[in-house]
Amino acid sequence: MNIRLLSSLLLFFCCLACAKTQKEDPLVLWYNEPAENWNEALPVGNGRAGAMVFGGVDKEQLQLNENTLYSGEPSTVFKDIKITPGMFDKVVGLMKARKYDEASDLVCKHWLGRLHQYYQPFADLFIENNKPGEVSGYKRELNISEAVTRTVYEQNGIRYEREVFASHPDDVIIVHLKSNAPDGLDFSLNFTSPHPTARQTKGADRLVLHGQAPGYVERRTFEQMEAWGDQYKHPELYDGKGNRKFDKRVLYGDEIGGKGMFFEAQLKPVFPKGGDYEITDTGVHVYNTGEVYFVLSLATSFNGFDKSPSREGVDPSAKAAGVLDKALAYDYKQLKQRHVADYQSLFDRVDLQLASSPEQKALPTDQRITQFETVADPDLAALLFQFGRYLMISGSRPGGQPLNLQGLWNKDIVPAWNSGYTMNINAEMNYWPAELTNLSECHEPLFRLIDELAVSGAETARNMYNRRGWVGHHNTSIWRESVPNDNVPTASFWPMVQGWLCSHLWEHYLFTQDKDFLKNRAYPLMKGAAEFFSDWLIEDGDGHLVTPVGVSPENRFIMDNGKQGAMTMGPTMDMAIVRETFTRTLEVAEMLDLDEPLRAELKEKLPRLLPYRIGARGQLQEWMYDFKEAEPQHRHFSHLYGLYPGNQITADLTPDLFEAVKQTLNLRGDEATGWSMGWKINSWARLLDGNRAYKIVSNLFNPVGFGNGRKGGGLFKNMLDAHPPFQIDGNFGYTAGVAEMLLQSHAGFIQLLPALPDVWGEGRVSGLKARGNFEIAMAWKDGKLSEATIRSLAGQDCRVRTSVPFVVKQGEKEVATSSPVMSGGKEYYEASLATVAGLAYKLQPVAN
């Protein structure tokens, strides 16, 4: 046997072994009973369309969504707000006199708009089993290694299997049913929709559902709107005299002048081995077969954030038919192969292994969640980490809409908080893991939102504020509303979002080193944000520049008169975002040699910004003055923005502020809502305290809705985050937090295992990304790094830091040896590397 043949055989058997290992040990959420409610169903998605799969036996339910289906349209966006110079001066005067409640009353009366529009459910697909009987061997699962749900059971001696997945390459949802009897299947299938406009009809060879979303939805009650004097903001509901036109707040069709987005679903059965079926207006009846699959396409008339979907929309019927017919060119095996290959090209980039016992791993997922607090289950922590990556791949793909408060999945016409983009933390948190966990492509829908919001935001900056640049506030929807909305003093007036959103553009550049993206897409948006902030700042009377009116979302403080207030000059988060925006915009402008007048302007104003301040309790002050919080353990801690997600506060450069942040988090406590715990995990990781971060991890594994959950947020049975209710941001905050515990690169160097908790003493990870476009793989044992590889993708120089001494090799050549450094009272080891693009550098720990 020659060497080449032997090598080929060895490679072949290695591939077989790898394939067998993958097949035997996929990442799976599984349960031994069907979902009893939506919070137990399992999500699938292709970045545009998705479903919550219940796994029923007598009746299966798929609750369907398509992420452009919203209520309203551009013509229902309220924009009629203008800050006059006289009113501005009056509010600022009251602020400087510390008459915050009087200033707040004026802002709420004159500077606020109304709520944005609502993400809508699409329809429900029901599959009713016509062969009842005793069921045994039931199991349902979501295989996140393949992005496929499966339901299996035996009934009347026949084995049944149902698979559901949402294909990105073919833009359809596939439902596959089979039995081990040639005539084992007999079921009826039909659509329903929560929208009364929806109608199911028989097509030539398919079942069709067509409808129109509401042209207007409002979740505030009539009593609230009238108490605020806001009738004039809602001409859909009130006449010119402020009298109600309707006794309802969801308007369809003629009630709203025909406005509202059209939608259509088309579903076609395919029989690989023959069978009988009938399609009528009441649904599909399938019988005399052992296998069938359905190809389902969803479409809406959405044609852009600035076009009316009822008058300028695309034809959803033609779109749905085109997508479906294209997918029908492939058989089931091909559709599944194309789906899995596409999904795994993203998901398989990162692997995290944390060990649990075989007994733990053999339990259903819901039982493991209930035991997590009392029995450490590192493998389940790793599964939840990867579940966050699964949700991002499933919910956010180029060309689609970004993840909202519920990602892609929503069942309610009037969902909690509009199921919108809440941008004072939640929308940004959704994308914290994108770059870190090697899913840069999934960041793209957020960038498109920023592009579009900047268009309406420039109009708002000009017409409402009479200032340069662009501005947004704490909420928007698919219609890219940019004016302040609603009438909540703690949140509504917050003209800061453009700075935070631009940080995502900057981070994408840092992780990818894509200079074309930086110059042509990121910088113009950063410049516009910096221009608005520069025009917005005022003198505070003590030599500092501050924002004239702001909040620390969504907290309140105790005023001098003993009452609660929310609005002040120069809240800490405002100043952190302005400082970050100025610093980064200036850096890019100098790098690209652009806009010298703006550079001079920012250089002059940067050192005059109100600095961070430490309060009497040793905490980082949340506001300009050392106010007491009305709720000391409030879920938001926005003033820590400079620690995370920013990089202004680090152990090396700002040790006093670093300690003040630690005291702030101690005062805030460890319990919180689900998404807030995600933020706390990241913050304690940045404070280099892995055990404290893990304490929050353990708190997050709170079985909410199980009947035995603790107080606060946590997880539903399907591992979706509970605020409660469901908000998906906690899932993404958690995934980012785990990555931050294992790898950090925000402080000018790559730090390996910066916040490893004792309970994760042994493990390995590969595929995580560091700023500078480095990809990291590492393993550890007994809480110490045992090996690591840094792969340079862009050839950037880097510094590496870890808790153990090490040497760095490129191939067999030693290129660096670590030296000890002190940081935060601890000794670390650090080396500087001049890397070459495409080459890997191996860190080998050495004995002290």
Side-chain angles (χ1 to χ4, degrees), residues 11-12 14-30 42-51 53 141-150 161 163-176 293 295 327 330-354 365 379 382-400 403 407-408 431 433-445 511-512 719 731-732 735 738-739 764-769 775-777 791 793:
L11 178 62
F12 173 74
C14 285
C15 291
L16 281 181
C18 290
K20 185 177 181 181
T21 300
Q22 284 186 334
K23 187 174 181 180
E24 287 179 350
D25 196 24
L27 300 176
V28 173
L29 288 68
W30 74 275
L42 296 171
V44 297
N46 62 19
R48 186 183 66 85
V53 183
E141 68 177 32
L142 170 59
N143 181 334
I144 65 171
S145 296
E146 296 183 345
V148 176
T149 70
R150 292 185 182 87
E161 178 176 331
E163 289 190 333
V164 180
F165 60 87
S167 168
H168 176 71
D170 294 306
D171 203 14
V172 290
I173 296 173
I174 305 295
V175 183
H176 179 244
Y293 65 93
V295 183
Y330 304 99
D331 63 25
Y332 179 74
K333 182 178 180 181
Q334 293 169 325
L335 287 166
K336 186 175 178 182
Q337 286 176 338
R338 287 165 56 82
H339 157 68
V340 172
D342 168 80
Y343 170 78
Q344 290 181 341
S345 70
L346 296 169
F347 186 79
D348 286 355
R349 293 174 183 175
V350 172
D351 178 51
L352 173 61
Q353 297 293 326
L354 300 173
T365 302
D379 175 78
L383 180 65
L384 185 61
F385 165 85
Q386 291 284 33
F387 183 55
R389 297 183 69 248
Y390 165 82
L391 292 171
M392 178 163 287
I393 298 168
S394 301
S396 185
R397 292 292 198 103
L403 300 149
L408 176 61
Y431 286 91
E435 305 294 339
L436 286 164
T437 70
N438 220 331
L439 296 175
S440 286
E441 298 94 328
C442 296
H443 220 157
E444 169 61 29
F511 276 93
T512 64
M719 295 187 86
N731 288 100
F732 297 121
T735 294
V738 171
R764 59 183 172 86
V765 68
S766 61
L768 294 181
K769 292 292 293 291
E775 191 170 283
I776 312 297
R791 184 164 163 249
L793 302 178

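Just so it is clear, the values below take in all heavy atoms, side chains as well, and ignore hydrogens, waters and symmetry mates. Sequential numbering from 1 along the given sequence is applied to the chain's residues.
- A side-chain contact (heavy atoms from CB on, under 4.5 Å) with Ser167 is found for exactly one of Lys336, His339, Arg338, namely His339.
- A distance of 9.5 Å separates OG1 of Thr437 from CZ of Arg349, quoted to the nearest 0.5 Å.
- Taking OG1 of Thr735 as the reference point, atom CG of Leu391 lies at 7.5 Å (rounded to 0.5 Å).
- Residue Glu444 holds its CD atom at 13.0 Å from CZ of Arg397, rounded to the nearest 0.5 Å.
- Between Leu403 atom CG and Leu408 atom CG the span is 8.0 Å, to the nearest 0.5 Å.
- Inter-residue side-chain proximity for Tyr390 and Leu27 is flagged as unmet; no heavy-atom pair is nearer than 4.5 Å.
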Practice item. Could you walk me through whether Gln353 and Arg764 pass side chain to side chain contact (heavy atoms under 4.5 Å, CB included), step by step? Key: CA-CA 5 Å; Gln353 297 293 326; Arg764 59 183 172 86; 3.5 Å; yes
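- For the ring-ring contact (aromatic ring centres under 6.0 Å, His included) test, residues two or more places apart in sequence or in another chain that qualify with Phe347 are Tyr343.
- Minimum heavy-atom separation, Cys442 to Ser396: O-OG, 2.7 Å.
- Atoms CD1 and OG, on Ile393 and Ser345 in that order, are 8.0 Å from each other to the nearest 0.5 Å.
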Practice item. Take Leu793 and Lys769 through the test side chain to side chain contact (heavy atoms under 4.5 Å, CB included) and record every step on the way to the result. Key: CA-CA 10 Å; Leu793 302 178; Lys769 292 292 293 291; 4.1 Å; yes
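- Scanning all heavy atoms of the two residues, the minimum distance from Phe732 to Gly388 falls at CE2-O, 3.2 Å.
- Atoms CD1 and OH, from Ile174 and Tyr332 in turn, are 8.0 Å apart once rounded to the nearest 0.5 Å.
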